[in-house]
There are 2 protein chains.
Amino acid sequence: MVNQYTALDSVFHALADPTRRAVINQLLNGAAPVKRLAEPFDIGLPAFLKHLTVLEGSGLIRSEKQGRVRTCHLNADRLATAERWLSEQRAIWQGRTDRLAAFVESHSPEEKQR
Amino acid sequence: MVNQYTALDSVFHALADPTRRAVINQLLNGAAPVKRLAEPFDIGLPAFLKHLTVLEGSGLIRSEKQGRVRTCHLNADRLATAERWLSEQRAIWQGRTDRLAAFVESHSPEEKQR
DNA sequence: GTATTGGTTCACCATATGGCGAACTATATA
DNA sequence: TATATAGTTCGCCATATGGTGAACCAATAC
(Lines give C-alpha, C1' and ligand atoms only; values in the text may rest on other atoms or scores of the structure.)
Protein backbone atom coordinates (compact mmCIF):
# COMPACT_ATOMS: atom_id res chain seq x y z
CA MET A 1 0.00 0.00 0.00
CA VAL A 2 3.05 2.22 0.27
CA ASN A 3 3.70 2.02 -3.48
CA GLN A 4 4.87 5.22 -5.13
CA TYR A 5 1.80 7.38 -5.41
CA THR A 6 1.52 8.23 -9.08
CA ALA A 7 -0.16 11.31 -10.46
CA LEU A 8 -2.99 9.23 -11.88
CA ASP A 9 -3.68 7.66 -8.51
CA SER A 10 -4.10 10.99 -6.81
CA VAL A 11 -6.03 12.62 -9.64
CA PHE A 12 -8.55 9.80 -9.96
CA HIS A 13 -8.85 9.56 -6.22
CA ALA A 14 -9.56 13.28 -6.01
CA LEU A 15 -12.24 12.94 -8.68
CA ALA A 16 -13.92 10.02 -6.92
CA ASP A 17 -15.83 12.28 -4.55
CA PRO A 18 -18.95 14.26 -5.50
CA THR A 19 -18.05 17.18 -3.27
CA ARG A 20 -14.66 17.52 -4.88
CA ARG A 21 -16.08 17.23 -8.39
CA ALA A 22 -18.57 19.94 -7.51
CA VAL A 23 -15.72 22.18 -6.37
CA ILE A 24 -14.00 21.67 -9.68
CA ASN A 25 -17.25 22.52 -11.38
CA GLN A 26 -17.42 25.80 -9.51
CA LEU A 27 -13.85 26.63 -10.34
CA LEU A 28 -14.53 26.22 -14.05
CA ASN A 29 -16.16 29.64 -13.86
CA GLY A 30 -13.07 31.20 -12.41
CA ALA A 31 -11.14 31.44 -9.16
CA ALA A 32 -12.93 31.69 -5.83
CA PRO A 33 -12.14 32.02 -2.12
CA VAL A 34 -12.55 29.08 0.24
CA LYS A 35 -15.63 30.53 1.91
CA ARG A 36 -17.57 30.86 -1.30
CA LEU A 37 -16.54 27.41 -2.51
CA ALA A 38 -17.69 25.87 0.75
CA GLU A 39 -21.12 27.53 0.81
CA PRO A 40 -23.12 24.98 -1.24
CA PHE A 41 -22.16 22.08 1.01
CA ASP A 42 -23.52 21.40 4.43
CA ILE A 43 -20.35 20.08 5.98
CA GLY A 44 -18.08 21.90 8.37
CA LEU A 45 -15.14 24.01 7.26
CA PRO A 46 -12.58 21.54 8.59
CA ALA A 47 -14.05 18.71 6.54
CA PHE A 48 -14.22 20.96 3.51
CA LEU A 49 -10.62 21.99 3.96
CA LYS A 50 -9.63 18.35 3.82
CA HIS A 51 -11.29 18.07 0.43
CA LEU A 52 -9.37 21.12 -0.76
CA THR A 53 -6.16 19.57 0.52
CA VAL A 54 -6.84 16.42 -1.47
CA LEU A 55 -7.59 18.47 -4.57
CA GLU A 56 -4.47 20.55 -4.16
CA GLY A 57 -2.37 17.47 -3.40
CA SER A 58 -3.49 15.98 -6.72
CA GLY A 59 -2.53 19.17 -8.52
CA LEU A 60 -6.06 19.72 -9.76
CA ILE A 61 -6.25 23.07 -8.02
CA ARG A 62 -3.76 25.62 -6.76
CA SER A 63 -4.32 28.31 -4.19
CA GLU A 64 -2.66 31.29 -2.64
CA LYS A 65 -3.48 33.37 0.32
CA GLN A 66 -3.35 37.11 0.56
CA GLY A 67 -4.62 38.89 3.56
CA ARG A 68 -6.89 36.47 5.32
CA VAL A 69 -8.53 35.04 2.23
CA ARG A 70 -7.25 32.07 0.27
CA THR A 71 -8.12 32.04 -3.40
CA CYS A 72 -8.34 28.76 -5.28
CA HIS A 73 -8.11 28.24 -9.00
CA LEU A 74 -8.31 25.28 -11.27
CA ASN A 75 -5.31 23.66 -12.89
CA ALA A 76 -6.94 22.37 -16.06
CA ASP A 77 -3.75 20.60 -17.13
CA ARG A 78 -4.29 17.98 -14.51
CA LEU A 79 -7.78 17.22 -15.75
CA ALA A 80 -6.15 16.62 -19.11
CA THR A 81 -3.79 14.09 -17.51
CA ALA A 82 -6.72 11.89 -16.55
CA GLU A 83 -8.48 12.46 -19.83
CA ARG A 84 -5.36 11.45 -21.72
CA TRP A 85 -5.06 8.14 -19.89
CA LEU A 86 -8.68 7.32 -20.61
CA SER A 87 -8.45 8.17 -24.27
CA GLU A 88 -5.29 6.09 -24.58
CA GLN A 89 -7.13 3.10 -23.16
CA ARG A 90 -9.98 3.67 -25.53
CA ALA A 91 -7.60 3.90 -28.46
CA ILE A 92 -6.06 0.55 -27.58
CA TRP A 93 -9.48 -0.96 -27.11
CA GLN A 94 -10.70 0.33 -30.44
CA GLY A 95 -7.58 -0.81 -32.23
CA ARG A 96 -8.15 -4.25 -30.85
CA THR A 97 -11.84 -4.44 -31.69
CA ASP A 98 -11.12 -3.07 -35.14
CA ARG A 99 -8.54 -5.79 -35.77
CA LEU A 100 -10.97 -8.31 -34.40
CA ALA A 101 -13.69 -7.11 -36.74
CA ALA A 102 -11.30 -7.26 -39.67
CA PHE A 103 -10.32 -10.78 -38.72
CA VAL A 104 -13.91 -11.93 -38.48
CA GLU A 105 -14.64 -10.17 -41.74
CA SER A 106 -11.78 -11.84 -43.59
CA HIS A 107 -12.53 -15.30 -42.26
CA SER A 108 -16.27 -15.49 -42.77
CA PRO A 109 -16.94 -13.42 -45.87
CA GLU A 110 -20.58 -14.23 -46.41
CA GLU A 111 -22.12 -15.79 -43.33
CA LYS A 112 -22.50 -13.74 -40.18
CA GLN A 113 -24.61 -15.86 -37.85
CA ARG A 114 -23.39 -19.13 -36.45
CA MET B 1 -20.91 9.70 3.57
CA VAL B 2 -24.02 7.68 2.85
CA ASN B 3 -24.92 9.86 -0.13
CA GLN B 4 -26.22 8.03 -3.17
CA TYR B 5 -23.20 6.45 -4.77
CA THR B 6 -23.16 7.75 -8.32
CA ALA B 7 -21.64 5.96 -11.25
CA LEU B 8 -18.87 8.53 -11.49
CA ASP B 9 -17.93 8.03 -7.86
CA SER B 10 -17.45 4.31 -8.27
CA VAL B 11 -15.75 4.53 -11.66
CA PHE B 12 -13.21 7.12 -10.57
CA HIS B 13 -12.64 5.29 -7.34
CA ALA B 14 -12.00 2.08 -9.23
CA LEU B 15 -9.51 3.87 -11.47
CA ALA B 16 -7.64 5.39 -8.53
CA ASP B 17 -5.61 2.25 -7.91
CA PRO B 18 -2.60 1.17 -10.00
CA THR B 19 -3.42 -2.53 -9.67
CA ARG B 20 -6.91 -1.98 -10.95
CA ARG B 21 -5.76 0.21 -13.83
CA ALA B 22 -3.27 -2.52 -14.75
CA VAL B 23 -6.07 -5.07 -14.81
CA ILE B 24 -8.02 -2.87 -17.19
CA ASN B 25 -4.92 -2.60 -19.31
CA GLN B 26 -4.70 -6.36 -19.53
CA LEU B 27 -8.33 -6.67 -20.43
CA LEU B 28 -7.91 -4.28 -23.35
CA ASN B 29 -6.34 -7.23 -25.16
CA GLY B 30 -9.35 -9.41 -24.57
CA ALA B 31 -11.05 -11.40 -21.85
CA ALA B 32 -9.03 -13.39 -19.32
CA PRO B 33 -9.56 -15.70 -16.37
CA VAL B 34 -8.91 -14.50 -12.81
CA LYS B 35 -5.76 -16.58 -12.43
CA ARG B 36 -4.06 -15.05 -15.44
CA LEU B 37 -5.10 -11.54 -14.49
CA ALA B 38 -3.68 -11.99 -11.03
CA GLU B 39 -0.29 -13.35 -12.11
CA PRO B 40 1.61 -10.05 -12.59
CA PHE B 41 0.89 -8.86 -9.07
CA ASP B 42 2.52 -10.12 -5.92
CA ILE B 43 -0.51 -9.94 -3.71
CA GLY B 44 -2.63 -12.83 -2.55
CA LEU B 45 -5.69 -14.05 -4.39
CA PRO B 46 -8.10 -12.78 -1.73
CA ALA B 47 -6.72 -9.23 -2.02
CA PHE B 48 -6.82 -9.47 -5.80
CA LEU B 49 -10.41 -10.65 -5.71
CA LYS B 50 -11.33 -7.53 -3.78
CA HIS B 51 -9.91 -5.43 -6.59
CA LEU B 52 -11.98 -7.37 -9.09
CA THR B 53 -15.05 -6.84 -6.95
CA VAL B 54 -14.45 -3.10 -6.95
CA LEU B 55 -13.96 -3.11 -10.71
CA GLU B 56 -17.10 -5.14 -11.27
CA GLY B 57 -19.06 -3.00 -8.82
CA SER B 58 -18.16 0.05 -10.86
CA GLY B 59 -19.32 -1.66 -14.03
CA LEU B 60 -15.88 -1.36 -15.62
CA ILE B 61 -15.66 -5.11 -16.00
CA ARG B 62 -18.10 -7.98 -16.15
CA SER B 63 -17.42 -11.63 -15.51
CA GLU B 64 -19.04 -15.00 -15.70
CA LYS B 65 -18.06 -18.33 -14.42
CA GLN B 66 -18.26 -21.60 -16.22
CA GLY B 67 -16.83 -24.72 -14.80
CA ARG B 68 -14.31 -23.59 -12.20
CA VAL B 69 -12.91 -20.66 -14.13
CA ARG B 70 -14.27 -17.14 -14.03
CA THR B 71 -13.64 -15.12 -17.15
CA CYS B 72 -13.49 -11.33 -16.96
CA HIS B 73 -13.98 -8.88 -19.77
CA LEU B 74 -13.87 -5.15 -20.06
CA ASN B 75 -16.96 -2.98 -20.32
CA ALA B 76 -15.53 -0.14 -22.37
CA ASP B 77 -18.74 1.88 -22.09
CA ARG B 78 -17.95 2.65 -18.52
CA LEU B 79 -14.56 4.03 -19.39
CA ALA B 80 -16.40 6.34 -21.74
CA THR B 81 -18.58 7.53 -18.87
CA ALA B 82 -15.56 8.92 -17.08
CA GLU B 83 -14.05 10.27 -20.26
CA ARG B 84 -17.26 12.08 -21.06
CA TRP B 85 -17.36 13.86 -17.72
CA LEU B 86 -13.79 15.00 -18.13
CA SER B 87 -14.31 16.28 -21.64
CA GLU B 88 -17.42 18.13 -20.53
CA GLN B 89 -15.44 19.89 -17.87
CA ARG B 90 -12.77 20.77 -20.37
CA ALA B 91 -15.37 22.14 -22.77
CA ILE B 92 -16.76 24.44 -20.09
CA TRP B 93 -13.28 25.51 -19.12
CA GLN B 94 -12.34 26.26 -22.68
CA GLY B 95 -15.55 28.14 -23.36
CA ARG B 96 -14.85 30.27 -20.34
CA THR B 97 -11.23 31.01 -21.19
CA ASP B 98 -12.23 31.75 -24.76
CA ARG B 99 -14.82 34.26 -23.62
CA LEU B 100 -12.28 35.71 -21.22
CA ALA B 101 -9.76 36.12 -23.99
CA ALA B 102 -12.38 37.75 -26.19
CA PHE B 103 -13.31 40.10 -23.38
CA VAL B 104 -9.73 41.13 -22.74
CA GLU B 105 -9.26 41.53 -26.45
CA SER B 106 -12.28 43.77 -26.88
CA HIS B 107 -11.62 45.95 -23.83
CA SER B 108 -7.94 46.73 -24.19
CA PRO B 109 -7.37 46.91 -27.91
CA GLU B 110 -3.88 48.37 -27.82
CA GLU B 111 -2.44 48.29 -24.32
CA LYS B 112 -1.89 44.97 -22.56
CA GLN B 113 -0.10 45.87 -19.32
CA ARG B 114 -1.79 47.77 -16.50
C1' DG C 1 -9.41 48.78 20.66
C1' DT C 2 -13.04 45.46 20.08
C1' DA C 3 -15.72 42.49 17.29
C1' DT C 4 -16.22 39.92 13.22
C1' DT C 5 -14.72 37.29 9.56
C1' DG C 6 -11.97 33.78 7.01
C1' DG C 7 -9.10 30.11 7.74
C1' DT C 8 -6.52 26.77 10.31
C1' DT C 9 -5.31 23.25 13.64
C1' DC C 10 -6.34 19.70 16.96
C1' DA C 11 -8.19 15.64 19.09
C1' DC C 12 -11.51 12.44 18.21
C1' DC C 13 -14.71 9.03 15.93
C1' DA C 14 -16.90 5.56 12.64
C1' DT C 15 -16.32 3.36 8.59
C1' DA C 16 -13.81 1.92 4.36
C1' DT C 17 -9.70 0.06 2.15
C1' DG C 18 -6.13 -3.08 1.12
C1' DG C 19 -3.55 -6.47 2.69
C1' DC C 20 -2.77 -11.22 5.07
C1' DG C 21 -3.17 -16.50 6.12
C1' DA C 22 -6.14 -20.35 6.78
C1' DA C 23 -9.89 -23.02 5.65
C1' DC C 24 -13.22 -24.38 2.27
C1' DT C 25 -15.82 -25.64 -2.37
C1' DA C 26 -16.11 -27.29 -6.66
C1' DT C 27 -14.30 -28.78 -11.06
C1' DA C 28 -10.78 -31.00 -13.78
C1' DT C 29 -7.17 -34.31 -14.31
C1' DA C 30 -4.50 -38.51 -13.42
C1' DT D 1 -10.98 -42.53 -6.32
C1' DA D 2 -7.22 -39.37 -5.29
C1' DT D 3 -5.09 -35.08 -6.30
C1' DA D 4 -4.25 -30.82 -8.17
C1' DT D 5 -6.35 -26.43 -9.69
C1' DA D 6 -9.30 -22.15 -9.66
C1' DG D 7 -11.89 -19.53 -6.86
C1' DT D 8 -14.13 -18.17 -2.67
C1' DT D 9 -14.99 -17.06 2.15
C1' DC D 10 -13.58 -15.86 6.75
C1' DG D 11 -11.46 -13.47 10.53
C1' DC D 12 -7.96 -10.38 11.38
C1' DC D 13 -5.05 -6.15 11.13
C1' DA D 14 -3.03 -1.39 10.01
C1' DT D 15 -3.94 2.63 7.84
C1' DA D 16 -6.75 6.03 5.23
C1' DT D 17 -11.01 8.71 4.72
C1' DG D 18 -14.58 11.83 5.82
C1' DG D 19 -16.83 13.77 9.19
C1' DT D 20 -17.38 16.33 13.96
C1' DG D 21 -16.71 20.27 17.62
C1' DA D 22 -13.66 23.32 20.02
C1' DA D 23 -9.95 26.24 20.26
C1' DC D 24 -7.01 29.39 17.84
C1' DC D 25 -4.76 33.16 14.61
C1' DA D 26 -4.61 36.90 11.79
C1' DA D 27 -6.77 40.35 8.98
C1' DT D 28 -10.64 43.55 8.45
C1' DA D 29 -14.49 46.33 9.87
C1' DC D 30 -16.71 49.15 13.31
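Treat the numbers as computed from the prediction; the structure is a model and nothing was measured. Below, chains carry the letters A, B, ... as their sequence lines are ordered, and counting in each starts from 1.
Taking CH2 of B/W93 as the start and CG of A/N29 as the end, the distance is 10.0 Å to the nearest 0.5 Å.
Residue contacts for A/K50: at a heavy-atom cut-off of 4.0 Å it reaches a base atom on one of the strands shown. Within 4.0 Å (heavy atoms only), B/L45 reaches at least one base atom of the nucleic acid. Here B/P33 lies in heavy-atom contact (under 4.0 Å) with sugar-phosphate atoms only. Within the nucleic acid shown, B/R20 comes within 4.0 Å of sugar-phosphate atoms alone, with no base atom in reach, counting heavy atoms only.
Across the protein-nucleic acid pair, B/D17 atom CG and D/dA16 atom C1' stand 13 Å apart, rounded to whole Å. Atom pair B/R36:CZ and D/dT5:P shows a separation of 17 Å (rounding to whole Å applied). A straight line from CD of B/E64 to P of D/dT8 spans 12 Å, rounded to a whole angstrom. With rounding to whole Å, B/Q66 atom CD is found 15 Å from C/dA26 atom C1'. Summarising the geometry, the separation between NZ on A/K35 and P on C/dT4 is reported as 14 Å, rounded to the nearest angstrom. In this structure, B/I43 atom CD1 and D/dG7 atom C1' are separated by 15 Å, rounded to whole Å. The distance between atom CZ of B/R70 and atom P of C/dT25, rounded to the nearest whole Å, is 18 Å. A/L52 places its CG atom 13 Å from the P atom of D/dG18, with the value rounded to the nearest Å.
Along DNA chain D, the nucleotide closest to A/V69 and the one closest to B/V69 are compared, and the more 5′ of them pairs with B/V69.
Using a 4.0 Å cut-off between charged side-chain N and carboxylate O, A/E83 and B/R90 make a salt bridge. Contact check on B/E56 versus B/R62 returns no salt bridge, with no Lys/Arg side-chain nitrogen under 4.0 Å from an Asp/Glu carboxylate oxygen.
In this structure, B/H13 does not reach the D/dT17 phosphate: none of its side-chain N or O atoms is under 4.0 Å from OP1 or OP2. Distances shown here put a side-chain N or O of A/H51 below 4.0 Å from the OP1 or OP2 atom of D/dG19.
Put simply, the side chain of B/K65 and the base of D/dG7 share no donor and acceptor less than 3.5 Å apart. Between the side chain of B/R68 and the base of D/dA6 there is no donor-acceptor pair of N/O atoms closer than 3.5 Å.
Relative ring orientation between B/F12 and B/W85 is described as perpendicular, the plane-to-plane angle rising above 60° on a 0-90° scale split at 30° and 60°.
Between the A/R20 side chain and the A/A14 main chain, a donor and an acceptor come within less than 3.5 Å of each other.
Closest to the A/P46 side chain, of the nucleotides C/dG7, C/dT9, C/dG19, is C/dT9.
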